[in-house]
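Just so we're on the same page: letters track the sequence lines, and every chain starts at 1.
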2 protein chains.
Amino acid sequence: MSRRPSPDPDRPGDGGAPAARRRPDPARRNARSRAAILGASLQLVGEVGYARLTIEAIAARAGVGKQTIYRWWPSKAAVLLDAFTESGGGEGAEDAAVPDTGDLGADLRAVLRATADEFSDPEFEAPYRALAVAGAQDAELSREFDARLADIGTELYVARLRSAREAGQIRDDVDLRLAAEMLTGPFFQRWLARRGPLDHAFTDALVDAVLAGLRPRG
Amino acid sequence: MSRRPSPDPDRPGDGGAPAARRRPDPARRNARSRAAILGASLQLVGEVGYARLTIEAIAARAGVGKQTIYRWWPSKAAVLLDAFTESGGGEGAEDAAVPDTGDLGADLRAVLRATADEFSDPEFEAPYRALAVAGAQDAELSREFDARLADIGTELYVARLRSAREAGQIRDDVDLRLAAEMLTGPFFQRWLARRGPLDHAFTDALVDAVLAGLRPRG
DNA sequence: TCTTGACGAGACGCAACGTCTCGTTCCATG
DNA sequence: CATGGAACGAGACGTTGCGTCTCGTCAAGA
């Protein structure tokens, strides 16, 4: 398993852990192959679903050797995570924000409606569901997934709610993170477990119900 | 609900109703084997997780031929669903109810605390997570899972909330189902996606936040 | 008693797994 | 420009688990 023909060139001779295996050099990576792999994985997860997605099929579709996938990614879920984030799936993630028109209810309704539409789009749905499923089974991947996608989404709600709190539109003692989870949790549950329609009527009612608990008493 | 999944190739050439492929006779079923299979599947899913759970391992552990599993269940998830419901996992399902002491907040806090404890127990966690994951990938199984476990749980909250509504403790226009989802959704999301600690502090805060939006105004 | 069908056991062909050569291609360095 | 090394496409390899298919055994109903 561990063959070390020569002293590791890629590890400064510190007392660190023995570099597991000759690490590939990212500088020599073939960008075309990488793009083809990511594209093929998105296509295939849409066609056959995550359970029947195989590394061999991705390699074949991408016109790439299997080793080129195994060299750069530890699992098919990791491939999909890269594919999804780079395809614009996390498009709303880094830059975007919940709009702030001053009307908290309207802003949240608009965002949740748009999110519902997005989650109804098969091209978004298939890989995102695959990642949610994989994350539920693998804590390591889950952390990565959250850091790159889910947490960021939550943070957008927290930011918008903070703005509303500062404007006195919701109570001072509101737990912003919990409030954000009250918006995303029922949505997530309905979507992932297919527990009901993900339509605008639902998201509007959800926003209203949550906000009813946040407003200053009076 | 679950018909024979595959077409019936062995059919004497009459034009009559397509009798399913030699359906096994439940009356002749070996109860000992069945119990051994269910027990082995619960053990194994706890030991290796759902992704690495195999029918072959279940058969070997149960001291049973593989065909005996394939004869009675369409998938490993279906085995697990039977195993879980019969092990008492759905114990709170059919008979149990949310207590009704008259204090809605206290009742809900107690139930959600108990649920959090249950979901922190590995023996409950492993199979339930497996079923949630399998259901997220398979709509058919998801319906079965909901019908036998999840929907029933939701209905318990709805019943308790209805009682509270009739007692005038929450507003008349409250959507009971949505309110129930606001209790279970954030909980489910935290648990499945490991998005935070599932402790009593969380469940208490969740109950309080939801109830804040349900109480009569004034 | 005789027939039937579930049973334990496991062989079978197949699909993917993840690892491992092969040449080949591409790039940095000399 | 020449050369060596590393990533590349391709695919062979042994392994695992799939789902199907015999076997001979056994228990219960006709």
- Task: Please state whether the rings of F84(B) and F124(B) are parallel, tilted or perpendicular, taking 30° and 60° as the class boundaries.
- Result: perpendicular
- Taken to the nearest whole Å, CZ/R71(A) to C1'/dC17(C) is 18 Å
- Between I55(B) and R28(B), who's closer to the 5' end of DNA chain D by nearest nucleotide? I55(B)
- Message: Looking at every heavy atom in both L38(A) and S41(A), which two are closest together, and how far apart are they?
- Response: O-OG, 2.8 Å
- Message: Nearest whole Å is fine: how far is dG9(D) P from R32(A) CZ?
- Response: 10 Å
- Query: Which whole-number value in Å describes the distance from I69(B) CD1 to dG17(D) P?
  - Reply: 14 Å
- Message: So, OP1 or OP2 of dA7(D): does either fall under 4.0 Å of a side-chain N or O from T68(A)?
- Response: no
- Item | Given dC7(C), dA7(D), dG9(D), the nucleotide with the shortest approach to the side chain of V64(A) | dG9(D)
- Check whether any side-chain nitrogen or oxygen of W72(B) sits under 4.0 Å from OP1 or OP2 of dG5(C), and answer yes or no. no
- Task: Could you state the atom-to-atom distance from CD1 of I37(A) to P of dG9(D) in whole Å?
- Result: 7 Å
- Message: What is the distance, to the nearest angstrom, from the CD atom on E56(B) to the P atom on dA9(C)?
- Response: 14 Å
- Message: Tell me if the CZ atom of R32(B) is crowded by more than 12 foreign heavy atoms within 6.0 Å.
- Response: no
- Candidate nucleotides dC7(C), dC8(D), dG19(D), ranked by approach to the side chain of Y70(B) - the nearest: dG19(D)
- Could you check which of dC7(C), dG19(D), dG9(D) has an atom nearest any side-chain atom of S33(A)? dG9(D)
- Grab the CH2-P distance between W73(B) and dA6(C) for me, whole Å please. 14 Å
- Is K66(B) side chain donor-acceptor paired with the dG19(D) base, going by distance under 3.5 Å alone? yes
- Closest-nucleotide ordering on DNA chain C, the 5'-leading residue of T54(A) and Q67(A): T54(A)
- Closest non-hydrogen atom pair between A193(B) and D146(A), with its separation: O-OD2, 3.6 Å
- Return the value, rounded to whole Å, for the distance between atom CD1 of I58(A) and atom P of dA16(C). 12 Å
- Item | Test: R129(B) cationic atom under 6.0 Å from Y50(B) six-membered ring centre, within 45° of axis | no
- Message: Expressed as a whole number of angstroms, how long is the span from R52(B):CZ to dT16(D):P?
- Response: 14 Å
